[in-house]
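These notes are about the structure you will find just below.
Order of listing sets the numbers, starting from 1, for every ligand and every atom in it.
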Amino acid sequence: METHRQILIFGTIEEMDDFVIREWERIACDAVERKGWFAVAVSGGKTPVPLFRKLSDADGRLPWEKTHLFLVDERIVPYSHPDSNWGMVSDSLVKPAGIRSENCHPILVEDPVPEISAARYEKDILQFFGARLEKVPVFDLVLLGIGEDGHTASLFPGTTAARESKRFAAAVILDDTRHARITLTLPVINHAKNVIALVSGKSKADIMKSVLVQKDRRLPSSLVNPAGGNLVFVLDREAAAQLPGDIIQEKQEQLRNKLP
Ligand code: 6PG
């Protein structure tokens, strides 16, 4: 099935975040109306922090009591550690928005064996979705970032996790200078109804050209392709600086059509 794919470019990170908040609200309200709940998986990193803070202020418009918040990935550190994704999401979104603990699905990282934590997360996801292993959980929204090396989630180029085609969560053991991680895999990400990749800053310009123009399939970010779903790359002008004019021209046209 076709993926509906868009590249939208904004002048500032604030405009990007405002767009994502409108999309989050549209997707969440539609999901709750259709089936009574909204399942979203969010990434860590620096880019989404202001977005999460703004989302937590958008009360009244967002159905938090029917929202189930999952993580796209996590570093294997205590939640109190500055590198913890759940620590960041808790501080910037969960606590300010008052999201109840029964609606929160962090990745548990106490087990010393990362593979056991990955299997535990996969089990938690399946329990929530009530899916059997042969069915793939369908998130209503997955919010991704993209690293300068082309990784997304914790799917780094050349890793086993980036090639995982069956399991829904995987352990990622990097070099000894970086934390081990747990991540959703492409089978789950590519079954989501909506995927938004939020990318800002000039440091991302090179990689965004590799992903969006050269479509370099060695980069996990190039493999994000939710079949039958919506895929929106939300960039600021700096991150889009190396995209050819026609893409920018055509997408700005879409941008004008998309915004009220
Ligand atoms: C993580 C993220 C990761 C992130 C990218 C971009 O845990 O680090 O899930 O995939 O989204 O590395 O990070 P920035 O937003 O900080 O550039």
Tabulation required: pairs of a nitrogen or oxygen in ligand 1 and a protein nitrogen or oxygen under 3.5 Å; columns are atom names and distance to 0.1 Å; otherwise 'none'.
residue, atom, partner, partner atom, Å
ligand 1, 7 (O), D73, OD2, 3.2
ligand 1, 7 (O), R75, NE, 3.0
ligand 1, 7 (O), R75, NH2, 3.3
ligand 1, 7 (O), N85, ND2, 2.8
ligand 1, 8 (O), R75, NH2, 2.6
ligand 1, 9 (O), G44, N, 3.4
ligand 1, 9 (O), D73, OD1, 2.8
ligand 1, 9 (O), D73, OD2, 2.7
ligand 1, 10 (O), H151, NE2, 3.4
ligand 1, 10 (O), A153, N, 3.4
ligand 1, 10 (O), A153, O, 2.6
ligand 1, 12 (O), H151, NE2, 2.7
ligand 1, 15 (O), K46, N, 3.4
ligand 1, 15 (O), T47, N, 3.0
ligand 1, 15 (O), T47, OG1, 2.6
ligand 1, 16 (O), K46, N, 2.7
ligand 1, 17 (O), K204, NZ, 2.7

Check your understanding: Do F70 and W86 have ring centres separated by under 6.0 Å?
Key ->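 No - the distance between ring centres of F70 and W86 does not fall below the 6.0 Å cut-off.
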Point to revise | Output field: ring centroids H68/F38 closer than 6.0 Å | key: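 When the ring centroids of H68 and F38 are compared, they turn out to be at least 6.0 Å apart.
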In terms of side-chain heavy atoms, does [X] have a donor or acceptor partner in [Y] at a distance below 3.5 Å?
{"X": "D73", "Y": "T183", "result": "no"}
{"X": "T3", "Y": "N225", "result": "yes"}
{"X": "N194", "Y": "D140", "result": "no"}

Point to revise | Hphob cluster co-occupancy, V195 + L8, side-chain heavy atoms under 4.5 angstrom | key: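 Both belong to a single hydrophobic cluster.
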